[in-house]
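Right, one structure below, let's go through it.
Residue numbers begin at 1 in each chain, while the letters A, B, ... track the order of the sequences.
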Number of protein chains: 2
Amino acid sequence: MKTFTFPPLGDSGASAKLVMATITIKDVAREANVSVASVSRALNGGSGVTAETGQRIRDVALRLRYIPHAAARMLITRRTNTIGALLPDLYGEFFSELIRGIDLAARAHGLHLLVSSSHDSSDDAAAALRAMQGRVDGILIMSAHVDDAFLRANLPEDLPTVLINSPVKDEAYRVINVDNYAGARAMTKHLIDTGHTDIAFIAGPKNNFDAQQRENGYRAAMAKYASKVAPVVLAGDFTEEAGFRAGQEILARKKRPNAVFAANDMMAVGCMHAFREAGVCVPQDIALAGFDDIPVARYVAPPLSTVRVRIVDLGRSALEAVATMLENPDHPTTAGPTFGCEIVVRETCGASSAPASHE
Amino acid sequence: MKTFTFPPLGDSGASAKLVMATITIKDVAREANVSVASVSRALNGGSGVTAETGQRIRDVALRLRYIPHAAARMLITRRTNTIGALLPDLYGEFFSELIRGIDLAARAHGLHLLVSSSHDSSDDAAAALRAMQGRVDGILIMSAHVDDAFLRANLPEDLPTVLINSPVKDEAYRVINVDNYAGARAMTKHLIDTGHTDIAFIAGPKNNFDAQQRENGYRAAMAKYASKVAPVVLAGDFTEEAGFRAGQEILARKKRPNAVFAANDMMAVGCMHAFREAGVCVPQDIALAGFDDIPVARYVAPPLSTVRVRIVDLGRSALEAVATMLENPDHPTTAGPTFGCEIVVRETCGASSAPASHE
DNA sequence: GGCGGGAACGTAAACGTTTTCATGGCTGCT
DNA sequence: AGCAGCCATGAAAACGTTTACGTTCCCGCC
């Protein structure tokens, strides 16, 4: 028989740490002279029980430091109060901001967060997805490896799912995308507006959805606002090295463009290094812009003009989408709004004449 | 009665997506003409069952897409196969690297990862900790708000716990610390060795454990290798602004030091801005060093010398520590080894004469 | 041929909740 | 006074597993 002798106040030192086998709802019930059903009612809804008994039960529970067994509750309730996040091997900054947004929203909704990151193959992702099965009520997926077929094969169809930055078209899935297209379009237009018409674009990985969208935005703006010049697109893969090589390539061209728009900041930084090495000045000799607004963008010299994505908000609204899906399961699967982004003008695009001051 | 009509191969299009109520171990048992006990044995240990029946059961399970109900298993097994990570509101880069390391190791051990980040008050952390109770087999804590009392009040004492970068001394808890002291000491010595004896130190937040250790390392090296000059310590709080102000303060001193060592990179960057604004050249006029090796460090001009912490490995070994603790519960609580770090010499300390090339 | 022993397998209990249903007491109305 | 109905409460089923314990069967040995 267990006996409970918790002092109502802080432990009296010596007597602390008795063995205390995990205490269950039964212990609380016995101690409060009620049935387990009443304890459950008092601790959950609160209804169906007298205010007086309810208080007594809560007191006992507190005194015994009772914590309901999560698994037992999951088993009967068929809810885990957990959502899973399947994330790729991401750039540090983006990753942490995204998680922060997701986590913030999750805690606000009383949900737990089960993460699985840095899987880099499709099989890997499938395994991770399977492993999450049954441990989560909903799932958040951001991965280059998912497409319709993958999802259909690895997801139980009744599991609320939200895709982040995914090319998946299927109406069955909720998708939240960053509006890469509009962002790239806006930045290209800005460059044109500030007098740069010969703009080269350093592309991202071929199979990357974001990268494609950005390139499309660039092409669209060029077609509309600088129809006289043909768009110039150089290959890249989002790495700094690729940007560096692209930069060298640009300098080697017989007709040098007067601006370069890189599909992400890392490549812009690499490109800037190439220019500096060759003694080409940014923005005087050539303007430069990136995409993402990673922190580094502010600290390179000169500070990089770029397109900012509110990553925290992206994560937050993704989680909120799953949350609403599982709050009203008769999901109308409202088509996800794309997520806006804004251009932030610093010095590399030559528009701002602000001094290199402490931003 | 449920009937199962799964085609052995890929769905034949039209017939896909029948309602398929979640299938349990009983369904598998019935379909394979065995008892649930045998199914359990076949799928888990594999022993206590004929090779033949075992195979048949596995086939059926696969065909039915059976996935054991995690909660039911947790309930009876009293293991969740999940470890929780309680993390503070961290700097982006550090955070993501740490998570990456933890996640990698977790997956290698077949463990899930329940994260809870960005809690910024002690109560907040306590709530998060309580919420994790019963959902995890072990826990990883990195937070400024934890001390012995906090842990004792909020942690069941039988829960394997590992503290990351914590000042907690209690032998009961496993602690893994970065060797901030040695790192700071080494960097200070390096500055002295390269001819800078008048070194000012920009401190971190007063209550921050890492910051204190770093300051101690600086003082120790000064005392040992530059005993003639008194250490100069300026207040800071790890923010760029603090570094900027400290930089101005340093320039205003009547006896200007010939080197500055900031307790982290962000402050070093801020300091550098102050110097640049004042027309003071780094490293010609004054040397500069930071701590952390955040990515920005490589991209500022000139690239920042700093002390690198292998964050991924830190996360990995922290998780591995919990993993071993729950593999052999008779934990001897081996005192955690502190985690080494290395100084990385770039240009701001004036030692390297390498050109500003593409690193 | 009897018997001991081990392996394969089934039965049922147990894990800690929530929830449905039944029961009893009380209130208020006729 | 009787009855309807509500409300607090308790008993028990259910959730899907694992596992201790029996039972059966077969094999080999005396």
Side-chain angles (χ1 to χ4, degrees), chain A residues 2 20-58 60-61 64-82 112 131 133-137 156 158, chain B residues 2 4 20-58 60-61 64-82 131 133-137 156 158:
Chain A
K2 310 175 214 177
M20 184 167 98
T22 48
I23 63 180
T24 75
I25 198 173
K26 284 184 192 164
D27 301 318
V28 180
R30 174 159 24 82
E31 203 78 352
N33 289 318
V34 290
S35 71
V36 292
S38 293
V39 177
S40 177
R41 280 188 283 255
L43 264 39
N44 293 340
S47 90
V49 69
T50 313
E52 184 202 6
T53 31
Q55 192 54 52
R56 177 162 41 103
I57 290 174
R58 273 185 294 273
V60 172
L64 299 191
R65 288 215 182 83
Y66 167 65
I67 293 185
H69 196 291
R73 199 199 291 243
M74 288 182 205
L75 178 57
I76 190 75
T77 307
R78 314 193 77 60
R79 284 214 38 176
T80 63
N81 286 317
T82 303
H112 294 261
Q133 218 86 277
R135 313 181 82 101
V136 298
D137 293 336
D158 52 347
Chain B
K2 310 176 212 173
F4 304 107
M20 183 167 97
T22 48
I23 61 180
T24 76
I25 197 173
K26 284 185 191 163
D27 301 318
V28 179
R30 174 159 23 83
E31 202 80 353
N33 289 316
V34 290
S35 73
V36 293
S38 293
V39 176
S40 178
R41 279 188 284 255
L43 264 38
N44 293 339
S47 91
V49 69
T50 312
E52 184 202 8
T53 30
Q55 192 53 52
R56 178 162 41 104
I57 291 173
R58 273 186 294 273
V60 172
L64 299 191
R65 287 216 184 81
Y66 167 64
I67 293 184
H69 195 289
R73 202 201 289 247
M74 288 181 205
L75 179 57
I76 190 75
T77 307
R78 315 194 75 62
R79 284 215 36 176
T80 64
N81 285 317
T82 303
Q133 218 85 275
R135 313 181 81 101
V136 298
D137 293 335
D158 54 345

Q: Return the residues of residues 47-58 of chain B meeting this criterion: a heavy atom under 4.0 Å from some atom of DNA chain C. Order them by number, or give none.
A: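 Those residues are B/G48, B/V49, B/T50, B/T53.
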Notebook entry, point to check: Taking the side chain as C-beta and beyond, is there a heavy-atom pair between B/I25 and B/S40 under 4.5 Å?
Noted result: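 Heavy-atom side-chain distance check passes, below 4.5 Å.
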Is any side-chain heavy atom of A/L43 closer than 4.5 Å to one of A/R58?
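SC-SC contact between A/R58 and A/L43 confirmed.
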Original post:
About how many Å separate OG1 of A/T80 and CZ of A/R73, when rounded to the nearest 0.5 Å?
Top reply: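 Here the rounded value is 12.0 Å.
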Practice task
State the CD1-OG1 distance between B/I67 and B/T22, to the nearest 0.5 angstrom.
Solution key: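 Result: 11.0 Å between the selected atoms.
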Nearest-angstrom distance from the residue atom [atom1] of [X] to [atom2] of [N]:
| X | N | atom1 | atom2 | result |
| --- | --- | --- | --- | --- |
| A/D27 | C/dC15 | CG | C1' | 14 Å |
| B/R78 | C/dA14 | CZ | P | 14 Å |
| B/N44 | D/dT17 | CG | P | 10 Å |
| A/L43 | C/dT19 | CG | C1' | 15 Å |
| B/L64 | D/dG16 | CG | P | 15 Å |
| B/M74 | D/dC15 | CE | P | 19 Å |
| B/H69 | D/dA14 | NE2 | P | 17 Å |
| A/I25 | C/dC15 | CD1 | C1' | 14 Å |

Is the distance from OP1 or OP2 of [N] to the nearest side-chain N or O of [X] less than 4.0 Å?
| X | N | value |
| --- | --- | --- |
| B/R73 | D/dG16 | no |
| A/S35 | D/dG10 | yes |
| A/S40 | C/dT18 | yes |

Test item: side-chain donor near acceptor, A/R135 and B/T82, under 3.5 Å:
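A pair is found: one side chain offers a donor N or O, the other an acceptor, under 3.5 Å apart.
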Run the salt bridge (Lys or Arg N to Asp or Glu O under 4.0 Å) test against A/R78 and tell me which residues pass, sequence neighbours left out.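 Not a single residue meets the salt bridge (Lys or Arg N to Asp or Glu O under 4.0 Å) criterion with A/R78.
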Return the nearest nucleotide to the side chain of B/A72; candidates are D/dT17, C/dT11, D/dG10.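 It is D/dT17.
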Counting heavy atoms from C-beta on, name the nucleotide in C/dG10, D/dT18, D/dG10 closest to the side chain of A/A37.
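In terms of side-chain proximity for A/A37, the closest of C/dG10, D/dT18, D/dG10 is D/dG10.
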>> With nearest nucleotide decided by heavy atoms, which residue, B/N33 or B/L75, maps closer to the 5′ end of DNA chain C?
In response: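 The residue closer to the strand's 5' end, by nearest nucleotide, is B/N33.
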**Request:** Please state whether the base of D/dG10 and the side chain of A/R41 form at least one donor-acceptor pair under 3.5 Å?
**Result:**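 Such a pair is found, so the answer is yes.
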> Can A/Y66 and A/V60 be said to form a side chain to side chain contact (heavy atoms under 4.5 Å, CB included), step by step?
Replying inline: CA-CA 8 Å; A/Y66 167 65; A/V60 172; over 6 Å; no
